[in-house]
Amino acid sequence: MNNLYKLLRKPLSNALQQHQYLTKRFYANPPKRFYKNTSVLYNDGKYEVTLDQRKLKTPSGNIFTVKSEPLAIAVATEFDSQKEYVERSKMHLSALCFTALDNPNKLTKVDMVNYILNFIATDTILYQNDNEKDLHDLQSNEWDPILKWFNERYETNLQKTLNITPPLITAEDKMKISKYLASHNLETLHGFVFAVDTLKSIVLACAAIEQKIFVEKAVALSRLEEEYQLKFWGRVEWAHDLSQQDLQARLAAAVLFVHLNRSEHFVKSKVVV
C-alpha cells in the first residue's frame with residue numbers, strides 16, 4: 001500500500017507544481033535607463049530630443065519631432081526624470097507625442113472629432129442623482145456652474161438629466177462643439193481625446209483645457225459621486241489616492257499637450273541644451 005501511495009502521489013505532486021508554474025504571472029521589467037543626458041535640438045524647422053547624442057524615436061521608428069520648443073523641452077525633462085528604469089507607463093506626455101506622431105490607427109480629424117462627440121450623451125456631469133438629497137445638492141452646487149459656463153462659452157444648450165433617460169442632445173449643439181474641435185490640428189485633437197478619456201466628460205475636459213478650473217478640480221469633479229459614496233463605504237487610501245494621482249497626471253499631460261501644440265506657444269530657437 002505504501003508503494004502504491006507513493007506512485008499515486010508523485011504524478012499528483014508533479015501536476016500541482018506544473019499548475020502553480022502555469023498560473024504564476026510574470027511581468028516584464030521596464031527597460032533600464034540607458035542614457036545619461038537629454039537635450040533638445042532645433043533642426044529644419046522642428047525640435048528633436050536626443051538621449052546621449054542619439055535621436056529619440058517613436059515606437060514605430062520615426063524620429064521624434066515637434067513644432068513646439070516648450071513641448072520638446074517637456075518631453076526631454078520627462079525622460080531626464082527617469083531613475084534606474086524608464087517607466088513609460090508614467091510618461092504620459094511622451095506617450096501622447098508618440099501617438100500623435102505615429103498615429104497607429106491612421107485616424108483623421110473627422111474620426112477624432114466624432115469619437116469625442118460620442119461622449120456627449122454619456123457625459124459625467126449631465127447625469128445627476130435625484131434620489132439622495134445630499135448627493136443631488138452636491139452635484140448641483142459643483143457641476144451646474146461648470147455646465148452653465150460650457151453652454152455660454154460654446155453657445156450650446158446642454159441639459160442635465162435626473163434619471164437614467166439620456167439627455168437630449170440637439171444636432172445644433174453637436175455641430176457647434178464639432179466646429180470648435182475641428183478648428184484644432186490633428187496633433188492637438190489627440191490631447192482632447194486623452195483628456196476626455198481621462199475624465200469621461202467633454203464638459204470637464206474643455207473646462208480644464210480652457211483653464212476655467214484647475215486640473216485637480218476637474219479630476220475631483222469627475223470623481224464626485226465616487227468620493228461621496230466612499231464617505232459611507234470607506235476607502236482604501238493607497239488605492240484611491242494612487243488612482244486620483246494617476247488621473248491628475250494624465251489630465252495635466254493632456255492639458256499641457258493641447259496648449260503647447262497651439263501655434264502661440266511655438267518658440268523658434270537654434271539650440272537648446
Side-chain angles (χ1 to χ4, degrees), residues 68 70-71 73-75 77-82 87-97 99 116 119-120 122-129 132 134-154 158 160 177 180-181 184 188-262 264-265:
S68 167
L71 180 57
I73 293 174
V75 170
T77 302
E78 203 168 51
F79 271 87
D80 194 49
S81 66
Q82 302 304 299
E87 299 186 69
R88 293 185 181 272
S89 62
K90 298 180 181 179
M91 301 170 66
H92 303 305
L93 197 56
S94 298
L96 260 172
C97 290
T99 301
I116 297 173
F119 274 87
I120 298 179
T122 58
D123 196 289
T124 299
I125 74 171
L126 295 184
Y127 288 81
Q128 299 190 15
N129 192 312
E132 298 182 51
D134 290 343
L135 178 57
H136 174 70
D137 291 344
L138 181 63
Q139 291 173 333
S140 296
N141 293 334
E142 297 288 344
W143 285 350
D144 286 0
I146 304 300
L147 181 57
K148 179 182 178 183
W149 167 84
F150 185 91
N151 283 329
E152 291 176 351
R153 169 67 176 80
Y154 302 104
L158 302 183
K160 64 184 181 182
I177 298 172
Y180 166 73
L181 293 171
H184 298 84
T188 305
L189 286 176
H190 280 283
F192 274 92
V193 168
F194 202 66
V196 172
D197 277 338
T198 298
L199 298 173
K200 306 299 184 241
S201 169
I202 294 179
V203 177
L204 291 177
C206 287
I209 289 170
E210 296 296 329
Q211 299 181 324
K212 172 64 178 177
I213 54 178
F214 292 116
V215 165
E216 294 84 358
K217 181 67 173 180
V219 170
L221 291 178
S222 72
R223 291 164 47 91
L224 192 67
E225 186 170 354
E226 180 182 353
E227 289 294 331
Y228 175 83
Q229 297 296 342
L230 289 175
K231 292 179 180 178
F232 301 98
W233 300 103
R235 60 186 294 135
V236 180
E237 292 187 10
W238 65 269
H240 290 106
D241 290 344
L242 282 177
S243 173
Q244 182 175 350
Q245 290 171 9
D246 181 62
L247 290 176
Q248 290 177 0
R250 289 171 59 86
L251 181 60
V255 171
L256 187 61
F257 183 82
V258 169
H259 281 275
L260 297 185
N261 263 295
R262 288 173 171 170
E264 64 266 25
H265 292 283

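The two residues Asn129 and His136 come nearest to each other via the heavy atoms O-CB, 2.9 Å. When every heavy atom of Ala74 is checked against every heavy atom of Leu256, the shortest pair comes out as CB-CD2, 4.4 Å. Cys97 and Val75 get closest at one heavy-atom pair: SG-CG2, 3.8 Å. Between Ile116 and Phe192 the shortest heavy-atom distance is CD1-CB, 3.7 Å. Residues Val196 and Ala205 approach most closely at CG2-CB, 3.8 Å, considering heavy atoms. Residues Leu96 and Ala254 come closest through the heavy atom pair CD1-CA, 3.8 Å.
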For His184 and Arg262: C-alpha separation, side-chain torsions, deciding distance, then whether side-chain contact (heavy atoms from CB on, under 4.5 Å) applies.
CA-CA 8 Å; His184 298 84; Arg262 288 173 171 170; 3.2 Å; yes
Output, in order, the C-alpha distance, side-chain angles, deciding distance and verdict of side-chain contact (heavy atoms from CB on, under 4.5 Å) for His259 and Gln211.
CA-CA 10 Å; His259 281 275; Gln211 299 181 324; 4.1 Å; yes
Stepwise, does the side-chain contact (heavy atoms from CB on, under 4.5 Å) test hold for Leu135 with Leu224?
CA-CA 9 Å; Leu135 178 57; Leu224 192 67; 5.6 Å; no
Under the side-chain contact (heavy atoms from CB on, under 4.5 Å) criterion, do Leu221 and Ile125 qualify, and how do the steps go?
CA-CA 8 Å; Leu221 291 178; Ile125 74 171; 5.7 Å; no
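In this structure Thr99 satisfies the side-chain contact (heavy atoms from CB on, under 4.5 Å) test together with Pro104, His190, sequence neighbours excluded. Checked against ring pair (Phe, Tyr, Trp, His ring centres under 6.0 Å), Phe79 has no partners two or more places apart in sequence or in another chain. Residues passing the ring pair (Phe, Tyr, Trp, His ring centres under 6.0 Å) test with His92, sequence neighbours excluded: none.
Side-chain contact between Met91 and Gln82 is present, with heavy atoms from C-beta onward closer than 4.5 Å. Looking only at side-chain heavy atoms (C-beta outward), Leu204 and Asp123 stay at 4.5 Å or farther from each other. Side-chain contact between Tyr228 and Asp134 is present, with heavy atoms from C-beta onward closer than 4.5 Å.
A distance-only check finds a donor-acceptor pair linking the side chain of Thr124 to the backbone of Lys200 [under 3.5 Å]. Put simply, the side chain of Gln248 never gets that close to the backbone of Val215: no donor and acceptor are under 3.5 Å apart.
Atoms CD and CG, from Glu227 and Leu138 in turn, are 10.5 Å apart once rounded to the nearest 0.5 Å. Atom CD of residue Glu78 and atom CZ of residue Arg88 lie 10.5 Å apart, to the nearest 0.5 angstrom. Here Leu251 contributes atom CG and Asp197 contributes atom CG; the two are 11.5 Å apart, rounded to the nearest 0.5 Å. In this structure, CD in Glu132 is found 11.0 Å from CG in Asp137, a value given to the nearest 0.5 Å. With rounding to the nearest 0.5 Å, the separation of CG in Leu71 from CG in Leu260 is 5.5 Å. Remark: Phe257 CZ to Ile209 CD1 distance equals 11.0 Å, nearest 0.5 Å.
For Tyr127, the OH atom sits in a packed shell: over 12 heavy atoms of surrounding residues, nucleotides or ligands are nearer than 6.0 Å.
Salt bridge status for Asp144 with Lys160: present, with a side-chain N to carboxylate O gap under 4.0 Å. Between Glu142 and Arg223, no side-chain nitrogen of the basic residue sits less than 4.0 Å from a carboxylate oxygen of the acidic one, so the salt-bridge criterion is not met.
Ring orientation note: the planes of Tyr154 and Phe150 are tilted relative to one another, at an angle of 30° to 60°.
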